[in-house]
Amino acid sequence: MKKKGLLEIIAQHRTGDDLDDILKEDQEYQEALAQQQVAFDRMDELGLTKEQKSVIDQAITANNHFGAVYGAVAYRFGMEEGIRVRMEMEEIMRKT
């Protein structure tokens, strides 16, 4: 089992209930969610076969997974950069 580092623990905590609470209040997210529902409703109206729906579902799932992984990597990168900048600023302040 891989041992989690501090950044992974923080990211896991901040992307759970805390993020859900923020998303409930975020207008841009709510608009995107509504647009997604419209697109899914339109797709349902097409009368696709079970196989066609399965292929589309696989594509959407793969795309969502990609976005989630990308977001997690970007979040950790941002955290690492923030910590690095903070450490550099503290070093500069000690020298002055």
Side-chain angles (χ1 to χ4, degrees):
M1 184 168 115
K2 184 180 173 186
K3 190 173 183 180
K4 290 185 178 181
L6 182 58
L7 285 176
E8 284 80 19
I9 293 168
I10 292 170
Q12 184 178 15
H13 175 73
R14 294 294 292 167
T15 55
D17 292 339
D18 292 344
L19 180 58
D20 290 343
D21 291 341
I22 290 170
L23 292 175
K24 287 177 189 175
E25 303 297 323
D26 188 278
Q27 186 64 32
E28 186 175 8
Y29 175 81
Q30 292 301 318
E31 289 171 6
L33 190 60
Q35 289 173 356
Q36 173 185 277
Q37 188 58 53
V38 168
F40 283 152
D41 291 345
R42 290 185 67 205
M43 189 172 63
D44 286 342
E45 295 170 359
L46 294 176
L48 301 172
T49 67
K50 190 174 182 177
E51 181 181 357
Q52 290 169 327
K53 288 179 183 179
S54 177
V55 170
I56 291 170
D57 183 56
Q58 290 172 9
I60 291 170
T61 299
N63 186 65
N64 288 344
H65 178 68
F66 168 79
V69 170
Y70 179 92
V73 170
Y75 182 88
R76 284 192 304 270
F77 177 73
M79 289 286 293
E80 290 170 0
E81 286 296 296
I83 291 168
R84 184 181 62 76
V85 167
R86 172 72 186 250
M87 290 171 63
E88 288 180 10
M89 292 299 294
E90 287 177 1
E91 184 66 28
I92 290 170
M93 295 303 286
R94 274 187 245 138
K95 291 180 179 179
T96 58

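All values below come from the heavy atoms of this structure, side chains included, with hydrogens, waters and symmetry mates left out. Nothing fancy with the numbering, it's 1 onward along the sequence.
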Practice task
Mark yes or no for whether Ser54, through its side chain, and Lys50, through its backbone, hold a donor-acceptor pair below 3.5 Å.
Solution key: no

Fill in the blank from the handout: Value for CG (Asp20) from CD (Glu25), rounded to nearest 0.5 Å, stands at 12.0 Å

Problem - Residues clustered with Leu46, ILVMFWY side-chain links under 4.5 angstrom - result: Phe40, Met43, Leu48, Ile56, Ile60

Exercise for the section: Could you point out which residue of Met93, Met89, Arg94 forms a side chain to side chain contact (heavy atoms under 4.5 Å, CB included) with Glu91? Expected result: Arg94

Practice task
Say whether Phe77 and Tyr75 are linked into one hydrophobic cluster, either directly or through other cluster members, by side-chain heavy-atom distances under 4.5 angstrom.
Solution key: no

Practice task
Please examine the side chains of Asp21 and Lys24, heavy atoms only from C-beta on, and report whether any two atoms are closer than 4.5 Å.
Solution key: yes

Problem - Glu80/Arg76 salt bridge by N-O under 4.0 Å criterion - result: no

Handout entry: side chain to side chain donor-acceptor pair (under 3.5 Å) contacts touching residues 37-46 (sequence neighbours left out)
Key = Gln37-Asp41

Exercise for the section: Determine whether more than 12 heavy atoms belonging to other residues, nucleotides or ligands lie under 6.0 Å from atom CD of Glu81. Expected result: yes

Exercise for the section: Would you give the length of the straight line joining atom CD of Glu88 to atom CZ of Arg84, rounded to the nearest 0.5 angstrom? Expected result: 4.5 Å

Practice task
Begin from the C-alpha positions of Glu31 and Gln35 and carry the test side-chain hydrogen bond (donor to acceptor under 3.5 Å, both in side chains) through to its verdict.
Solution key: CA-CA 6 Å; Glu31 289 171 6; Gln35 289 173 356; 5.7 Å; no

